[in-house]
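A short write-up of the structure that comes next.
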Amino acid sequence: MTTTREALGVGIDRLRAAAVDTPRLDAEVLFAYIAGVDRTGILAHPEALVSDGQLAAFQRVVERRGAGEPVAYIRGMKEFHGLALRVDPRALIPRPETERLVDLGLAETMWRLAEGPRQPGALPVRIADVGTGSGAVAVALAVALRQRRVPAEDVTILATDVSADALDLARENAVSHAVGDRVGFVEADLLPPGSVACDVVLANLPYVRSAAMSDLPRPTTYEPPSALDGGVDGLTVIARLLDRLPAVLVPGGVALLEIGADQGEAIGVLLDDRLPGWPARVETDLTGLPRVAVISRPPS
Ligand code: GLN
């Protein structure tokens with residue numbers, strides 16, 4: 001019989017040979033997934049015996065990872081903002097840096113509920129998560145609001161996506177985190193046509209330059225290109241959303257848009273062109289890189 005340590009060793013060697021960036025971590029996570037335990041469990045018991053069935057299953061997932069498939073798609077799960085989200089090729093795998101977008105959106109929402117322009121008995125704070133994909137941002141925000149005991153009727157969250165498949169996944173995530181009543185889903189290119197009044201717009205739209213798509217790491221090629229490809233300058237889809245903002249954001253409303261780490265200056269130029277006079281700043285992520293453009297509609 002094989003021990004956990006031996007099985008892991010073979011898996012790590014295989015992933016290293018396949019030039020996977022983090023062979024040990026990936027092998028441990030995949031072994032834990034197959035064994036149905038958490039990673040600390042396998043590290044604590046390296047002598048535990050592995051059945052032939054488990055070994056074969058582990059070897060199969062190691063082969064998939066070695067061929068380039070992301071760990072998150074193999075497990076069908078990704079941790080995001082403290083939640084276990086279902087993920088599959090219908091949508092982008094949520095990235096840790098996008099947690100910043102959730103935190104900024106949460107702060108904006110709490111401020112508006114507490115002391116912002118909203119009066120008691122006024123309309124709910126209306127939020128849109130544009131291009132929701134797996135639903136990560138909308139679901140994490142809804143869960144965070146519930147944890148803060150914000151009544152469901154005080155905030156509306158509209159999650160949109162142009163992909164019906166992504167929306168199905170987002171709905172599954174909302175239901176499995178018990179916020180199906182707090183998030184509405186609409187299939188739309190950015191936002192539904194006609195009148196949508198929002199206090200807060202959140203979006204992690206595609207922002208990779210088309211020419212850089214072929215340089216993306218191998219696992220990223222398993223993700224939907226439409227969730228990543230932001231056109232020639234990477235900002236084409238974001239620019240389309242900027243053009244909608246005057247008709248969507250209420251006076252005093254704010255849009256929080258995730259951008260690429262190298263797009264801090266380019267977004268400034270684009271904003272001067274599309275929304276002159278609208279105050280804007282760029283928030284950095286935990287690594288200190290530009291990550292979220294914060295764009296306010298001046299109060300009327
Ligand atoms: N941060 C992602 C990546 O680098 C891009 C996400 C996006 O385009 N919104 O793969």
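Counting starts at 1 for both ligands and their atoms, in listed order.
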(request) Give yes or no for whether the N/O distance cutoff of 3.5 Å, strictly under, is met between Asn204 and ligand 1. (result) yes
(request) Decide whether the shortest distance between a heavy atom of Leu205 and an atom of ligand 1 is less than 4.0 Å. (result) yes
(request) Answer yes or no for Glu223: is there a heavy-atom contact with ligand 1 below 4.0 Å? (result) no
(request) Would you mind checking if Glu63 and Arg14 are paired as a salt bridge, meaning a charged N to carboxylate O distance below 4.0 Å? (result) yes
(request) Taking only Lys NZ, Arg NE, NH1 and NH2, and the carboxylate oxygens of Asp or Glu, determine whether Glu47 and Arg5 approach each other closer than 4.0 Å. (result) yes
(message) Can you tell me if Gly234 contacts ligand 1 (heavy atom of the residue under 4.0 Å from the ligand)?
(response) no
(request) Return a yes/no value: protein heavy atom under 4.0 Å from atom 1 (N) of ligand 1? (result) yes
(message) Quick one, Pro279 and Pro298 - any side-chain contact, counting heavy atoms below 4.5 Å?
(response) yes
(message) Side-chain heavy atoms nearer than 4.5 Å, only ILVMFWY residues, links allowed to pass through others: does that put Val294 and Val137 together?
(response) yes
(message) Would you say that Ile295 contacts Leu242 through its side chain, given a criterion of any heavy-atom pair below 4.5 Å between the two side chains?
(response) yes
(message) Distance under 4.0 Å to a non-hydrogen atom of Glu97: what atoms of ligand 1 satisfy this?
(response) 1 (N)
(message) Run Ser163 and Asp165 through side chain to side chain donor-acceptor pair (under 3.5 Å) and show every step you take.
(response) CA-CA 5 Å; Ser163 157; Asp165 284 346; 5.1 Å; no
(request) Find all atoms of ligand 1 within a distance of less than 4.0 Å from any non-hydrogen atom belonging to Leu228, and give their numbers and elements. (result) 5 (C), 8 (O), 10 (O)
(message) Test your reading of the structure: does Tyr207 have an N or O sitting under 3.5 Å from an N or O of ligand 1?
(response) yes
(request) Say whether Arg95, considering both its backbone and side-chain N or O atoms, lies within less than 3.5 Å of an N or O atom on ligand 1. (result) yes
(message) I'd like to know if Arg100 pairs up with Asp103 as an ion pair, taking the criterion as any Lys NZ or Arg NE/NH1/NH2 lying under 4.0 Å from an Asp or Glu carboxylate oxygen.
(response) no
